[in-house]
Amino acid sequence: MPTSNTLRFPYGEEINWLSPINIPETLPSRLNTWLMAPDSLTQRLKEQCQHFEVKVLGEGMHTSCVGELPQQQTVWVREVLLCLDGEPWVFARTLIPQQLMSKKQADFLGLGSKPLGELLFTTNEFIPGKIEIAKFSLSSKLAELAKSLHQEVNEPLWGRRRYFHFNSEQLIVSEVFLPTAKKNIINSPQKLAVSS
């Protein structure tokens, strides 16, 4: 099992992503609402805080892991923490195939600490696609990342990944809710009222 002092970019790992209809257990309704949200998660998070911040953990070209893409290929990987009022709520990982990266390099490399969601949802170039769900065990790399951020991990983490289509190509964005996010989403219904 990895420990926090050996964790480094990239943090993403091989995981079994499932269609929401194939999830074998019932999720809390409020968490499920966030996992299945059709609109921008970035925008939803911004509505829950005074200060929203993107902390870049790393980005660069890597070979995709087994199960991440239809076939193994070289991709641009960008991993960030989405922080609300200084607290990391979401770990986000973006995979951009090399061919798409070469076409949109200026957009992607120019993000810096700006959220990718603003690019994806403020242009008609990217078409949101299907959502898949996954559970990350207490021994997962992302659970270890949460612990390294001084968050208690007492139960598995949940996340989603979404496909965005650009003409005949696609990129994949994964978003995993860290313990701080889950605690606030489930336990603060008035603060986090989300319209359906």
Side-chain angles (χ1 to χ4, degrees), residues 1-15 17 27-28 30-37 39-60 62 65 68 76-96 108 111-121 131-162 171-194:
M1 183 175 72
T3 57
S4 58
N5 62 1
T6 62
L7 284 172
R8 61 186 183 276
F9 172 80
Y11 298 89
E13 58 197 303
E14 183 178 346
I15 193 72
W17 294 94
L27 292 171
R30 290 193 53 75
L31 177 58
N32 190 60
T33 296
W34 280 73
L35 287 169
M36 296 306 300
D39 51 356
S40 168
L41 179 65
T42 296
Q43 186 57 44
R44 286 182 175 235
L45 291 171
K46 284 184 173 183
E47 293 169 0
Q48 315 309 320
C49 64
Q50 297 295 317
H51 178 66
F52 179 85
E53 180 184 8
V54 176
K55 290 188 177 180
V56 180
L57 297 174
E59 51 188 355
H62 287 268
C65 297
E68 287 191 307
W76 180 263
V77 180
R78 172 180 162 92
E79 295 181 341
V80 304
L81 293 173
L82 305 182
C83 303
L84 281 65
D85 297 326
E87 288 288 331
W89 276 43
V90 173
F91 166 85
R93 172 180 172 89
T94 304
L95 302 177
I96 305 169
F108 295 130
L111 282 172
S113 60
K114 293 182 291 188
L116 175 65
E118 290 184 357
L119 172 64
L120 297 178
F121 284 94
I131 294 174
E132 296 174 324
I133 307 295
K135 180 168 72 171
F136 295 78
S137 73
L138 297 180
S139 61
S140 68
K141 286 175 67 177
L142 292 184
E144 291 300 320
L145 174 62
K147 292 173 188 174
S148 76
L149 297 169
H150 310 292
Q151 297 189 24
E152 288 189 30
V153 184
N154 300 318
E155 53 189 356
L157 307 177
W158 286 92
R160 69 177 193 168
R161 74 174 177 183
R162 190 165 195 183
L171 61 86
I172 300 175
V173 180
S174 304
E175 296 152 329
V176 180
F177 291 90
L178 299 173
T180 295
K182 188 175 179 185
K183 177 179 65 177
N184 282 283
I185 287 170
I186 294 174
N187 296 338
S188 303
Q190 291 185 344
K191 180 184 178 185
L192 295 177
V194 179

Inter-residue atom distance Glu87.CD - Thr180.OG1, 0.5 Å rounding: 5.0 Å
Under 3.5 Å: donor-acceptor pair, side chain of Gln151, backbone of Pro88: yes
Any residue meeting ring pair (Phe, Tyr, Trp, His ring centres under 6.0 Å) with Phe108, in chain and number order, not counting sequence neighbours: none
Least distance between heavy atoms, Val56 atom then Ser113 atom: CG2-CA, 4.4 Å
Results of salt bridge (Lys or Arg N to Asp or Glu O under 4.0 Å) for Glu132 - residues two or more places apart only: Lys130, Arg161
Trp158 backbone acceptor or donor facing Lys182 side chain under 3.5 Å: no
Arg78 side-chain N/O to Thr94 backbone N/O, donor-acceptor pair under 3.5 Å: no
Note: Arg44-Glu47 ion pair, threshold 4.0 Å (strictly below): no
Whether Glu13 side chain and Leu142 backbone form a donor-acceptor pair below 3.5 Å: yes
Candidate list Leu57, Leu82, Val80, test side chain to side chain contact (heavy atoms under 4.5 Å, CB included), partner Phe91, passing option: Leu57
Heavy-atom closest contact (Ser140 atom, Ser137 atom, distance): OG-O, 2.8 Å
side-chain contact (heavy atoms from CB on, under 4.5 Å) between Trp34 and Leu45, intermediate numbers included: CA-CA 10 Å; Trp34 280 73; Leu45 291 171; 3.7 Å; yes
Value rounded to 0.5 Å, distance of NZ in Lys46 from OG in Ser40: 8.0 Å
Side chain to side chain, Trp89 and Leu41, heavy atoms closer than 4.5 Å: no
Check against salt bridge (Lys or Arg N to Asp or Glu O under 4.0 Å), Lys147 and Glu144: CA-CA 5 Å; Lys147 292 173 188 174; Glu144 291 300 320; 3.2 Å; yes
Interatomic distance, Arg160 atom CZ to Leu35 atom CG [nearest 0.5 angstrom]: 7.5 Å
Sub-4.5 Å side-chain heavy-atom contact between Pro179 and Glu152: no
Closest contact, heavy atoms only, Leu138 versus Pro156: CD2-N, 3.8 Å
From Lys135 atom NZ to Leu157 atom CG, the distance as rounded to the nearest 0.5 Å: 11.0 Å
Flag, side chain of Glu79 to backbone of Phe9, donor-acceptor distance under 3.5 Å: no
Under 3.5 Å: donor-acceptor pair, side chain of Arg30, backbone of Ile185: yes
Heavy-atom closest pair, residues Ile15 and Ala134: CG1-CB, 3.8 Å
Close side-chain approach of Met36 to Ile133, heavy-atom, < 4.5 Å: yes
Trace of the side-chain contact (heavy atoms from CB on, under 4.5 Å) decision for Leu178 with Leu81: CA-CA 10 Å; Leu178 299 173; Leu81 293 173; 4.1 Å; yes
For the student: nearest non-hydrogen atoms of Ala143 and Val153, plus distance: O-CG2, 3.6 Å
ring-ring contact (aromatic ring centres under 6.0 Å, His included) pairs, two or more places apart, involving residues 131-157: Trp17-Phe136
Non-hydrogen side-chain atoms of Trp76 and Leu171 separated by less than 4.5 Å: no
Test item: Val77 and Leu95 side chains (from C-beta on) under 4.5 Å apart, heavy atoms: yes
